Amino acid sequence: MRILLAFIFLLALPTTSLAELRLDPPQALVSRAEQGKNQLRDVLNEIDQNLTEIRDGRTFDTYFALMDRLQELGHLYDLDSIYPGAVKKVANRMVIKGVNWLDVVTSSKEKVLYYHRWMAEPQPAFGFLYAAALRVKEEENYENLKAAAINLQAALLMADEKWVDERSLRLLYRSTISGLAAKVLKKKELAETETEFWISKLYSAEAMSELVTFLQGQVYEIRAETKSTLHWATGRARLLDGQASLPTFGAPEALLSQIGDTAVDIVMKSFRFEERLTDEEYEGLLSVMTPRHFAALANSWAAIGKVPKGPFGAYYIQRAFKFIAKLEALSLRAEAILLSTAITEKAAAILGRQDKIEGKWAMKDASGMEWTLVVIHASDDLVFASFSDTNRFTHRAYYHVVYDMKRGGYIATERIIDTDNSPNLPLRFVPTGENEMIVEDLMFPRHAKMKAKRVQSFPDYIGAVTENAPDMNGVYEGEIVIPGGTRTHVTLVVTVFNGYSVGNMRFLNGHSNSTFNYGSPATDGSIYLTRGSDSYRASGTWMHLRGVLDKDGYLRGHTIYGHEGLVTQKFKLKKTK
């Protein structure tokens with residue numbers, strides 16, 4: 001078969017190329033060599049002496065293809081007895097010359113391996129790799145680049161067996177094929193199977209680092225309109241990590257750390273642009289992170305400040321809870337507390353809307369004493385509550401309501417848990433149905449668990465106006481109704497800044513001023529304002545205003561009191577400045 005292929009090459013060769021040589025045609029040389037040992041020796045000498053006269057690769061290949069047959073004849077005639085290693089020596093000198101014509105792109109794998117088989121020393125291998133690197137640098141056709149990769153891979157496997165002691169040469173093979181893979185892998189449009197093919201051709205840390213740096217740049221460039229690219233980036237990061245983590249790769253720690261940094265960036269981008277990652281994608285990204293990356297992600301996550309609204313909010317919170325559990329498992333307690341503090345309060349607002357916790361709830365304890373729980377959304381990411389008996393003897397205002405990520409339900413305290421030794425009595429409530437919940441006063445076991453029913457629902461104005469929303473800053477005047485039905489004239493000053501709003505209300509019938517120090521963003525035409533209090537007496541309850549500014553310049557809405565609930569009569573305040 002080898003001789004047949006050689007003759008086919010010979011027939012395809014232009015006769016003018018052979019005519020210029022002072023060397024018999026290949027078929028004539030083989031015929032002479034088959035006559036005996038001396039004739040074989042003469043044929044080898046003639047080929048060797050005429051190498052410098054061969055001017056093109058096609059002519060060279062027709063003579064180089066004879067080496068297998070001449071080797072067979074050498075064994076047959078015991079040529080080594082008079083001319084030791086003659087065939088191998090001539091073949092090696094031929095390779096040194098012919099490797100300059102060996103095109104790594106257009107040559108078949110069989111041809112590349114044939115050349116390598118006859119290399120008796122590293123010199124022609126270095127020449128082959130130098131030419132291959134230049135060739136693939138210029139090539140842009142994808143199929144040609146893949147053909148080059150297949151050839152280089154086959155040559156690499158042979159080189160590992162052939163030159164065990166030539167470490168620098170074997171590393172050069174790996175560097176060459178890795179450089180080719182890095183070039184192709186910068187094309188994002190590759191199919192999954194093609195990506196895996198090229199990832200498997202990465203053997204050098206330099207090429208891997210080049211690709212990770214490229215990936216980091218791509219992630220940095222992702223914007224809201226291109227957020228679907230995060231899925232491509234996720235897959236690429238996981239594949240790169242899988243290759244770099246192979247025991248045979250020997251990746252430096254800095255490279256693995258760089259991949260982990262990229263994974264952190266991808267997760268944060270997915271949150272920022274509200275792009276859902278599948279469980280497999282998300283867990284895959286976490287799997288490439290070290291404890292340092294977990295800590296970095298926790299700090300970046302906690303710094304976001306806001307929890308996304310709508311369906312993505314629930315997804316976001318679920319991811320956060322699972323991540324906090326992983327932080328605890330890694331003994332990253334400080335980071336776990338930081339993130340849980342940032343998330344659980346926001347989670348109460350997001351999940352609280354789903355659970356419909358807002359409203360006035362009535363219940364009785366085991367002794368028959370009646371109690372009231374009032375829960376409000378103080379803004380789109382804050383929940384306040386108030387717990388009191390119907391006689392107003394006991395009253396507690398809660399300005400810190402969080403979601404219990406371990407057991408579900410909600411925990412209310414007067415403030416964030418800290419080292420202050422003043423009372424901070426917790427209350428737990430868990431919705432059990434559309435209009436039912438279980439309330440537990442955690443500081444007084446005698447109350448045990450009380451079944452509460454909703455007795456009031458509150459109108460929700462957040463998001464009422466989204467287009468051409470009016471400016472909420474200004475002075476408003478008009479009447480509001482306080483508990484008991486008394487109408488009183490008020491002046492309300494509203495200031496909106498940096499995603500928050502505050503207000504000050506002056507009562508004109510003898511009541512003191514009230515400062516509303518908790519406020520919604522007030523950028524959508526609606527406003528929620530809450531007056532807080534540090535007092536635990538019934539008279540120290542919070543007061544809440546919520547309303548919408550209409551096109552006629554009137555702020556219309558409702559007041560809600562912690563110890564009373566909703567005042568059913570709406571207020572109407574005219575914007576005067």
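Nothing here was measured: the structure is a model prediction, and the numbers come from that model.
Between W101 and F60, the angle of the ring planes lies from 30° to 60°, which puts this pair in the tilted group. Ring-plane geometry between F323 and W301 is classed as tilted, the angle between the planes lying from 30 to 60 degrees on a 0 to 90 degree scale.
Using a 4.0 Å cut-off between a side-chain N of Lys or Arg and a carboxylate O of Asp or Glu, R292 and D261 qualify as a salt bridge. A salt bridge is defined here as a Lys NZ or Arg NE, NH1 or NH2 lying under 4.0 Å from an Asp or Glu carboxylate O, and E196 with R236 fails to meet this definition. Under 4.0 Å is where a charged nitrogen must lie from a carboxylate oxygen, and between R170 and E166 no such pair does. Using a cut-off of 4.0 Å between Lys/Arg side-chain N and Asp/Glu carboxylate O, D460 and R353 are scored as salt-bridged. Salt-bridge annotation for E274 and K227: absent, with no side-chain N of the basic residue lying under 4.0 Å from a carboxylate O of the acidic one. Salt bridge E281/R238: absent, no basic N to carboxylate O contact under 4.0 Å. Salt bridge D279/R319: present, at least one basic N to carboxylate O contact under 4.0 Å. A salt bridge links K146 with E194: the distance from a Lys NZ or Arg NE/NH1/NH2 to an Asp or Glu carboxylate oxygen falls below 4.0 Å. Look at D80 and K88 and you find no salt bridge, because none of the NZ, NE, NH1 or NH2 atoms lies under 4.0 Å from a carboxylate O. A salt bridge does not link E328 to R333: none of the charged nitrogens lies less than 4.0 Å from a carboxylate oxygen.
Under the 4.5 Å side-chain criterion, counting only non-hydrogen atoms from C-beta, V95 is not in contact with F128. Looking at heavy atoms from C-beta onward, P521 lies out of side-chain contact with S501 at the 4.5 angstrom threshold. A heavy-atom distance below 4.5 Å is found between the side chains of E283 and K326. Considering only heavy atoms from C-beta on, V212 stays 4.5 Å or farther from S209 through its side chain.
With rounding to the nearest 0.5 Å, the separation of CG in D380 from NZ in K346 is 10.0 Å. Here L152 contributes atom CG and S178 contributes atom OG; the two are 10.0 Å apart, rounded to the nearest 0.5 Å. For the atom pair CG (L297) and CD1 (I266), the distance works out to 11.5 Å, reported to the nearest 0.5 Å. With rounding to the nearest 0.5 angstrom, the NZ atom of K109 is 8.5 Å from the CG atom of N151. Note that CE of M94 is 13.0 Å distant from CE of M119, once rounded to the nearest 0.5 Å. Interatomic distance, L156 CG to L129 CG, rounded to the nearest 0.5 Å: 9.5 Å.
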(message) For a side chain to side chain donor-acceptor pair (under 3.5 Å) check, start with the C-alpha distance between D56 and T59, then their side-chain angles and the critical distance, and finish with the verdict.
(response) CA-CA 6 Å; D56 64 88; T59 301; 2.8 Å; yes
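Side chain to side chain, T290 and H293 meet the donor-acceptor criterion of an N or O pair below 3.5 Å. For the 3.5 Å distance criterion, the side chains of D61 and Y114 fail to qualify, holding no donor opposite an acceptor.
Of all heavy-atom pairs between A378 and Y528, the closest is O-CB, 3.3 Å.
Ring centers of Y203 and Y173: at least 6.0 Å apart, outside the cut-off.
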